[in-house]
Number of protein chains: 2
Amino acid sequence: MASGKRKNYHHGDLKNSLVEAGLELLRHQDASGISLRAVAKEIGVSHTAPYRHFKSKHSLLAAISQRGFEILTENTRQAVDKEPNDARQQLMLSGQAYVDMAVEHPKLLHLMFGGALSLRDCSTEYCQIAQNSFLSLTHILENGVSTGVFKDKSSTEMSVVVWSLLHGLAMLISAGQLDNEITSQKRIRELSGLAVDTLLNGLLK
Amino acid sequence: MASGKRKNYHHGDLKNSLVEAGLELLRHQDASGISLRAVAKEIGVSHTAPYRHFKSKHSLLAAISQRGFEILTENTRQAVDKEPNDARQQLMLSGQAYVDMAVEHPKLLHLMFGGALSLRDCSTEYCQIAQNSFLSLTHILENGVSTGVFKDKSSTEMSVVVWSLLHGLAMLISAGQLDNEITSQKRIRELSGLAVDTLLNGLLK
DNA sequence: GGTTTAATGTTGACATTGTCAACATAAAAT
DNA sequence: ATTTTATGTTGACAATGTCAACATTAAACC
């Protein structure tokens, strides 16, 4: 409808619409600046319609966060699939996908990791998908070790290290901490590649 | 006063007390769960007294965040001072100080990096102190290069890489993402050391 | 020491927000 | 066609952020 006012009483797919509207609002502002009433109004339903699909505002934010993990997982999978046999390149591409997420969805990333949402209090499904980056990296590292590209170390521990590097870069970028260092999209890719390259080759002489 | 009710009309140091009270509340809950009225009540002043010292709730949160950067800076400085001549050890100790911050102040760290607070809109002083970790690491790396311990690469770029690694580890820990991997305080120190060690020596065979 | 000024705290009010209960509508099941 | 269930609306209430006007007192000044 032109004015955004719905003709029918039943929306039909309100739950998903609320999540997508929330994602859209997070493009422009932090989670703390988002109100349930604003999201409902954006879609053209009453201020308490969301309570038919979500127990609370917190629940809606958790659903938006889960959507974020789905996007991150899919972006990373597509990137990695470009190089099915090269573990080193897969790490590079994973890094780029991760950092791209930070550039495109900074506020969403901030919601996903920490704050009111916690892995210490989540559904089985949410907890699982929130760890996909870790699992994906573990898989790449296992491939790298078994093909002789990487040192034979605990893949789990190395995943933690690789994930830390990529996640840290993503978080610093999205928080604006590297704005002095970053002048273009190309530069971001350079830094991402440099980070992975430095981890592979080491800092010591 | 025993009941927390102040006898005198003038508090005397309300501005700092608000920041400290906010820090304390952040030990137990996310910034989104903190209200100005609750902070004021904690100190025993009226609900609008804070507006005599802070333009808005956002301003108080920014002051709390700045306090957090001060704590991080001081903790890191004290850790690094233990090894004035060993750049490699200084990196290790910086890592530990950074990660300790994540364990002790997870919600504060989340407030400091991203969300409603941004380096794209901050006072000169805040912007400056928010970059202290970066400057500290750059200094350590410059020392390491000049003493021949580290490869002769751009210290600025290497600082970004090291900071990403430490920051990522800290953020993942504080978000509960590494709870499966971390079983004790000792384990956290191990992971922190492992992360720095892996960055120094590299992953490639 | 008294007066004036400025800093700072309080009171009351208002708009917005999250959430609830009761009611309304219609889709689905029987 | 009727009943049940899902889902949306209306109205209300408590909590919150913020503002203006007023109150208290500390500091500055003479």
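This is a predicted model, so every value here is computed, not measured. Just so it is clear: chains get the letters A, B, ... in the order the sequence lines come, proteins before strands, and each one is counted from 1.
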Specify the residues of residues 115-122 of chain A, ordered by number, for which at least one heavy atom lies under 4.0 angstrom from an atom of DNA chain D. none
How far apart are the closest heavy atoms of B:I64 and B:G22, and which atoms are they? CD1-CA, 3.7 Å
B:A79 and B:A97: which non-hydrogen atoms are nearest, and at how many Å? CB-CB, 4.0 Å
Rounded interatomic separation in angstrom, taking [atom1] from [X] and [atom2] from [N]:
X	N	atom1	atom2	result
A:Y51	C:dT17	OH	P	12 Å
B:L61	D:dT16	CG	C1'	14 Å
B:K57	C:dT17	NZ	P	13 Å
A:K41	C:dT17	NZ	P	9 Å
B:L14	D:dA26	CG	P	15 Å
A:H53	D:dT9	NE2	C1'	13 Å
A:L60	C:dT19	CG	P	10 Å
B:F54	D:dG17	CZ	C1'	15 Å

Closest approach to the side chain of A:H11, judged atom by atom: which nucleotide of D:dG8, D:dT18, C:dT8 is it? D:dG8
Contacts of type side-chain contact (heavy atoms from CB on, under 4.5 Å), residue [X], not counting sequence neighbours:
X	answer
B:R77	B:E74, B:D81
A:E125	A:Q66, A:S123
A:I71	A:L23, A:R67, A:N75, A:M101

Quick note, side-chain hydrogen bond (donor to acceptor under 3.5 Å, both in side chains) partners involving residues 134-144 of chain A, not counting sequence neighbours, are A:T138-A:S159
Under 4.0 Å, heavy atom to any atom of DNA chain C: which of residues 29-38 of chain A qualify? A:I34, A:S35, A:L36, A:R37
Which residue pairs pass the salt bridge (charged side-chain N to carboxylate O under 4.0 Å, His left out) test when at least one of the two sits in residues 91-112 of chain A, sequence neighbours left out? A:D100-A:R189
At under 4.0 Å between heavy atoms, which parts of nucleotides 23-30 of chain C does protein reach? Answer with one letter per nucleotide, 5' to 3': B base, S sugar-phosphate only, - none. BBBS----
According to side-chain hydrogen bond (donor to acceptor under 3.5 Å, both in side chains), who are the partners of B:D86, at least two apart in sequence or on a separate chain? none
Tell me every residue that passes side-chain hydrogen bond (donor to acceptor under 3.5 Å, both in side chains) with B:R187, counting only those two or more places apart in sequence or in another chain. A:E157, B:E181, B:E190
Taking only distance into account, with no hydrogens and no angle test, what donor-acceptor pairs under 3.5 Å do side-chain atoms of residues 160-167 of chain B form with protein atoms, sequence neighbours excluded?
unit_1, atom_1, unit_2, atom_2, d
B:W163, NE1, B:Y98, OH, 3.0
B:S164, OG, B:V160, O, 2.7
B:H167, ND1, B:Y98, OH, 2.8

Could you check whether atom NZ of B:K15 has more than 12 heavy atoms from other residues, nucleotides or ligands sitting under 6.0 Å from it? no
Heavy atoms only, 4.0 Å cut-off, all strands: where does B:H47 land among base, sugar-phosphate and nothing? base
Check every strand shown and say whether A:S56 touches a base, only sugar-phosphate, or nothing at a heavy-atom separation below 4.0 Å. sugar-phosphate
Using the ring pair (Phe, Tyr, Trp, His ring centres under 6.0 Å) rule, collect all pairs that involve residues 55-77 of chain A, keeping only residues at least two apart or in two chains. A:F69-A:F113, A:F69-A:Y126
Using OP1 and OP2 only, check whether a side-chain N or O of A:H58 sits under 4.0 Å from C:dT19. no
